[in-house]
Amino acid sequence: MSIDFVKIGEKWQKRWEKDKIFETNAEEIKNIENPDKFYITAAFPYLNGVLHAGHLRTFTIPETIARYQRMKLKRVLWTFGYHVSGTPILGLAELIRKRDKHTLWAYNTLHNIPMEELLKLDNPKNIVKYFSGRATEAFKKMGFSLDWRRNFTTDDGTFKKFIEWQFLKLKEKGYIKKGSHPVRYCPACDNPVEDHDLLEGEDTNLVEYVLLKFKIKMDINGIEEECIIPMATLRPETIFGVVNGWINPDRKYVLIKVYGEVEEVEDGKDKKDKKNKENKRDEENRLNYKGIWIVSEEASEKLKNQGRIIEKIKEIKGEELIGKTIINPINNREVPLYPAKFVDTEIGTGCVMSVPAHAPYDYVALRDYYRSIGRELNENDLISLINIEGYGKYPAKEIVEKINIKSQDEENKLEEATNKIYKDEFHKGILNENCGEYSGIPVKNVKDKLTRDLIKKGIAEILYEFSDPKVVCRCGCKCTVKTVKGQWFIAYSSEEWKKEAHKCVDKMKFIPESIRNEFHNKIDWMKDKACARRRGLGTKLPFDENWVIESLSDSTIYMAYYTIAKTINTNNIKEEQLLPELFDYVFYGKGDIVEISNRTGIPKEVIEEMRNEFLYFYPLDWRCSAKDLVSNHLTFMIFNHVALFPEEFWPKGIVVNGYVTIEGKKLSKSKGPVLPVEEVAQKYGPDVGRFYITTCAELSHDADVKFKEMDRVRDNLNKFYQFAVEVSDVSSEGIEPLEELSIIDRWLLHKLHKTIKIADESYSEFHLRKIGILFYELIKDLRWYKRRGGNNKKLLKLVAETWVKIIAPITPHLSEEIWEIFNKEGYISLESFPESNEQYINEELELGEEFIVSTMEDIRRIIEIAKIKPKRIHLYTAEYWKYEVLKIMNKNKDKNIKEIMPIIMKNPEFRKYGKEIPKLINELMKIGIKPVIDEVEILKNGKTFLEREFGCEIVIDGEDKNNKKRFSIPYKVAIYLE
RNA sequence: GCGGGGGUUGCCAAGUCUGGCCAAAGGCGCUAGGUUGAGGGCCUAGUCCCAUAGGGGUUCGGGGGUUCAAAUCCCCUCCCCCGCACCA
């Protein structure tokens, strides 16, 4: 007879729902400092598919903890919303509308959507509706104890009002900025390209080239004009060592007039001016003339894409530039332009500066060039700018000679040499006396500062380039880097904001603790984040309706919205009523409630309820998520909280779990496996799924779902059920007083109370795997108890009653079912967690059983090796003085052997065993320093048991046969088989 | 490159913070026995090598060190995974 986990799942879910036992309301606040509440959330799911095994793991963790805290009699707020902002849902709708074959296949088979239903999902609205329905279904089928009145999607009008309020506040605080921003762009599609729209080059990064504006005199229409020849480099510090420039003589270069746009500075105050600024005539005036530039033809396109307006004057061939003099803007040094074929005009500007002291390419190219004009390159031609340990003044020269590079054609060798030199110089190099005010600064620290300084002086600019030129859009066209103008940013780079965020991280709790540091690092790394996009679902920026708030930016403080969502939803409050003043009152207590009530048309009491819900449940106690959100969402959450809420409402803790794979395979929404949550519920039943997913791996580790192991979980839960059924008709009332219980009963009671204690701690530390281990231990203990002859029905019932509560947070349906079988009143979900009683905890009982086990193992071992079938087994406990030694060791646990030895030897009684003592101590160390137990008593008590086990007579401390007794030490009896 | 996490006995996976009960939990697989008379079953024992009395030997990516004692602490080194953003 076994239990149907699916059936009991449905049974109890129906009852819970009918009785609304998981709906939570704030209490009238008595003590804001320490209310009896517990507020936990998980990062809500993005709904472009069904919930999968990864969601199951991340969400079951807080679900279990919520149930545990409820049993600790806290008022628990635990609910879910759905994330639908951004472009993926739009993209999915598009694919379904186009009847994309792969998409239809994936959603039909992997996400389990009937084709008829699937074909209707050709617009975002239907997708949101469909998947939110499926998600809700999945949560319910897994028995999640959620307050559904607080559910919403990020596309709901009411939620959008909340986000508008958030962004207005951020702007007021000066954390919203406007600027330009480089993006990956497809010229054919005329659109920014997202990761999933790429055919090739997903791993490509943007690299910042520094353009150093060298001067050059050029003849234009008969007039000599001063032009700019921008040298592109990744190592701006080498500007101090330039001895010439390189031009590819065979390629096309252009002379262009370059204008930069004056950045519009948005300080949030001059909204009235804004309209004027957009006026065309004004735009002309905002152009900033930057002179005539000479760059490769390809580079001129890039400049155009990256915020410069250009006007072409004429084209020339590279060779026309050869031999001309260019002027280094940092020191006005005049150097010549030489030809070099290695110059790739597709990279940078097609103009390269030559630093032969530190760049192997330059060194070899210059040597080649000099040789072609009949002279030899020597050290006087080089300018050293970096001192580096292990190298002389001219590292490039050194390495070229060392690995014997003969000419520019030896590209592999040159590449190798360059990598080596760059790496060494970057990590170990220090700028030398040729670098003016920068001398003495390590290379690795100088780049940013120098670049900033040079830009400020007007002698440098930035040009973005892909780290790998092969970036191809889905349409087949090569992508470029384009600067988006007028982009809105959240100013996460702000130093004071970072300071607050660090402070918050310092105060928070983290599980695992090691991620705390990751948050600190991430905060330091934060740059301004583009927070709005041209398309996608979500909220429009309240102050610029051309932009939609980007999806990671509209989900940073929504936990605050959960607290009031119930009031908004149940009172059917309309979005128009949710004015910013209302949120100001609810979250800040600002403004006059009567006035706000009049303005919004929301009754005063309702507003007060919202205020109270927020005050009661905030701050958030725990935020749960998988580890992929650490570097984005979770960090943003911290930033936004510290910006928008006073310190007492900052989040208190973050829990991060690892990923999930299925039979070793990564999850994939489009390729599988997915393992929809509903499938787990239907195939295994909710409790089996919940137990497995919370206990199959350590929290922070990745978990690999193995179906076979899930079967085992089902078997073990079933075993527990059988055990409960067996004792269901006895009462746990009237168990004998402790002194009258048998050793093995006392042992079981000890184990039970110790387990409660450990389970309690484990739950509060999110150590759910431990609960699983304890559960398996219980099964093992019960087996041992029976084997040892234990059969106290009342006690067994007590164990069952206690354990059914201990695992209730993980297997609530099974627990309810057993609770009902036990004829208990009410729901176990609302019962209180068992409490451990110290009076039953006695470690010696456990040591005693371990002693029996190890004795049995020893006997069995001897039987096996000696191949004897004993007629009689003699057991000898150790001589008295050996226990005395162990006692001394127990008293001096903190001391090492060297220190203990003299303490023992101080006692003259032990001196006569002088030679034996060090050996004994060593052996005892091996066994471990355990308290002395009454071994004779324990053996006597277990005699019958041992005789049954071995099928022969056991003699304890009888006649010393074969002189065995002397080998006995504490915890290790001497054995003689007869 | 920067930042983070890892490498344990056939496999999965504890142990590492707080050195000694660590030849190293637990699970899977495998082997033997029992129970049962078939059907994902239960129980017991074994599963690095050697050993006819509980012993010995070699192990925890590799190398070195500290210590009476190291999977655990320190130094060096090799390998694997993840993140580096505007994308959820």
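The chains referred to below are lettered A, B, ... by the order of the sequence lines, with proteins before strands, and numbering in each begins at 1. Just so it is clear, the values below take in all heavy atoms, side chains as well, and ignore hydrogens, waters and symmetry mates. Small disclaimer: the values here were computed from a predicted structure and weren't measured.
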Please determine, for G3(B), whether a Watson-Crick or G-U wobble partner exists with both distances under 3.5 Å, and give it or none.
C82(B)

Just N and O in the side chain of Ser551(A): are any of them under 4.0 Å from OP1 or OP2 of A88(B)?
yes

Candidate nucleotides C43(B), A53(B), C2(B), ranked by approach to the side chain of Tyr976(A) - the nearest:
A53(B)

Charged N to carboxylate O under 4.0 angstrom, Lys706(A) versus Asp704(A)?
yes

Both distances below 3.5 Å, Watson-Crick or wobble geometry, any strand: find the nucleotide opposite C42(B).
G34(B)

Could you tabulate the donor-acceptor pairs under 3.5 Å formed by side-chain atoms of residues 769-779 of chain A, not counting sequence neighbours?
unit_1: Arg769(A); atom_1: NE; unit_2: Thr695(A); atom_2: O; d: 3.1

When you get a sec, tell me which of G5(B), A88(B), G3(B) is the closest nucleotide to the side chain of His83(A)?
A88(B)

Applying salt bridge (charged side-chain N to carboxylate O under 4.0 Å, His left out), can you list everything that pairs with Glu935(A), at least two apart in sequence or on another chain?
none

Going by the rule ring-ring contact (aromatic ring centres under 6.0 Å, His included), which residues pair with Phe519(A) if we only count those two or more places apart in sequence or in a different chain?
Phe510(A)

Between G54(B) atom P and Arg861(A) atom CZ, what is the distance in whole Å?
9 Å

C86(B) C1' sits how many Å from Gln487(A) CD, rounded?
8 Å

With respect to the phosphate group of C42(B), does any side-chain polar atom (N or O) of Lys786(A) fall under 4.0 Å of OP1 or OP2?
no

Between protein and nucleotides 24-36 of chain B, map the contacts as a letter string: B base, S sugar-phosphate only, - none, heavy atoms under 4.0 Å, written 5' to 3'.
----SS-------

For Lys964(A) and Lys529(A), take the nucleotide of RNA chain B holding the closest heavy atom to each; which residue's nucleotide lies nearer the 5' end?
Lys964(A)

Ionic contact status for Lys751(A) with Asp781(A), cut-off 4.0 Å
yes

Strictly below 4.0 Å, N to O, side chains only: are Lys420(A) and Asp424(A) in salt-bridge contact?
yes

Between P of U44(B) and CD of Glu857(A), the distance in whole Å
13 Å

Heavy atoms within less than 4.0 Å of RNA chain B: which residues of residues 693-707 of chain A have one? Give them sorted by number.
Glu698(A), His701(A), Lys706(A)

Is Arg516(A) salt-bridged to Glu513(A), cutoff N-O under 4.0 Å?
yes

Charged N-O contact under 4.0 Å between Glu237(A) and Arg235(A):
yes

According to the Watson-Crick and G-U wobble definitions, with both distances under 3.5 Å, which nucleotide is paired to C48(B)?
G57(B)

Which base sits across from A69(B) as a Watson-Crick or G-U pair, both distances under 3.5 Å?
none

Which residues pass the ring-ring contact (aromatic ring centres under 6.0 Å, His included) test with His767(A), sequence neighbours left out?
none

